[in-house]
Amino acid sequence: IIKVATMNTLDTMLQMARDAMDRAYVPYSKFRVGAVIKAQSGRLYAGCNVENASYPVGSCAEQGAISAMVLGGDLKIEEMVVMGDGENLTSPCGACRQRIREFAAPDVLIHICDRTGVRKTMTLAELLPVSFGPENLQR
Ligand code: THU
């Protein structure tokens, strides 16, 4: 799902994340996750988790949003929303932190949300300190 950012971008991102959660394919965990990226172009890209009968083959919401972003022609994440239900924070899994790292600067804000709004905002560097990224491959 792609949308162009409007005035209150965070509210738009939250609504897109709720819509993405509603479309999540989660017959096994029943745990819905939505993710929305605001990219450098101002476009918003959403993703949901998509599970599989072969459990490890399932994909995370963040992964889907990153795929949509790359297909849309954006390569820089400016801000991100990750949304899930439950008492505990739905913070991005370790693998997704690394996936986000590929396209985001250390100071990029990641809003950890539930359907009612933002619960905690953290930078990528806080979520993934001393990370390994594209620059580390330069020698
Ligand atoms: N999940 C995500 O989509 N993103 C996360 O950051 C955490 C976990 C999904 C994967 C699986 O479909 C379900 O949540 C339960 O782990």
Residues 69-84, side-chain donor-acceptor partners within the protein, below 3.5 Å, at least two apart:
from, atom 1, to, atom 2, distance (Å)
Asp74, OD1, Ser41, N, 3.3
Asp74, OD1, Ser41, OG, 3.2
Asp74, OD2, Ser41, OG, 2.7
Asp74, OD2, Tyr45, OH, 2.6
Glu79, OE1, Lys38, NZ, 3.4
Glu79, OE2, His111, NE2, 2.7

Atom pairs and distances, donor-acceptor, side-chain atoms in residues 132-139, under 3.5 Å, two or more places apart:
from, atom 1, to, atom 2, distance (Å)
Glu135, OE1, Arg101, NH2, 2.7
Asn136, OD1, Gly133, N, 2.8

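In terms of heavy atoms, Thr90 sits closest to Asp85 at OG1-O, 3.8 Å. Shown here for Ala104 and Leu124, the closest heavy-atom pair between the two residues is O-CD2, 3.7 Å. Contact detail for Cys96 and Cys60: the closest heavy-atom pair is SG-CB, 3.4 Å. The two residues Ala35 and Ala65 make their nearest non-hydrogen contact at O-CB, 3.8 Å.
Residues Met13 and Val118 are not in side-chain contact: their nearest non-hydrogen atoms beyond the backbone lie 4.5 Å or more apart.
Between the CZ atom in Arg18 and the OG1 atom in Thr116 there is a gap of 8.5 Å [rounded to 0.5 Å]. Taking SG from Cys48 and CZ from Arg32, the interatomic distance works out to 9.0 Å, rounded to the nearest 0.5 Å. In this structure, the separation between CZ on Arg99 and SG on Cys93 is 6.5 Å, given to the nearest 0.5 Å. The structure places CD1 of Ile110 at 10.0 Å from OG1 of Thr121, a figure rounded to the nearest 0.5 Å. Distance check, rounded to the nearest 0.5 Å: CG of Leu128 to CD of Glu126 gives 12.0 Å. Note that the CG atom of Asp114 and the CG atom of Leu14 stand 9.5 Å from one another [nearest 0.5 Å].
Following chains of ILVMFWY side-chain contacts shorter than 4.5 Å, one can reach Met122 starting from Val33, so the two form part of one hydrophobic cluster. Following chains of ILVMFWY side-chain contacts shorter than 4.5 Å, one cannot reach Tyr28 starting from Met21, and the two form parts of different hydrophobic clusters.
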Steps toward side chain to side chain contact (heavy atoms under 4.5 Å, CB included) verdict (Leu109, Thr123): CA-CA 5 Å; Leu109 297 182; Thr123 65; 3.9 Å; yes
Please evaluate residues Val50 and Tyr25 with respect to the criterion side chain to side chain contact (heavy atoms under 4.5 Å, CB included), reporting the C-alpha separation (whole Å), side-chain torsions for both, the decisive distance (0.1 Å), and the verdict. CA-CA 5 Å; Val50 179; Tyr25 177 74; 4.2 Å; yes
Is there a side-chain hydrogen bond (donor to acceptor under 3.5 Å, both in side chains) between Asp11 and Gln15? Walk through the geometry before answering. CA-CA 6 Å; Asp11 281 344; Gln15 187 54 51; over 6 Å; no
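Sorted by first and then second residue, the side-chain hydrogen bond (donor to acceptor under 3.5 Å, both in side chains) pairs with a member in residues 51-69 read Ser29-Glu51; sequence neighbours excluded.
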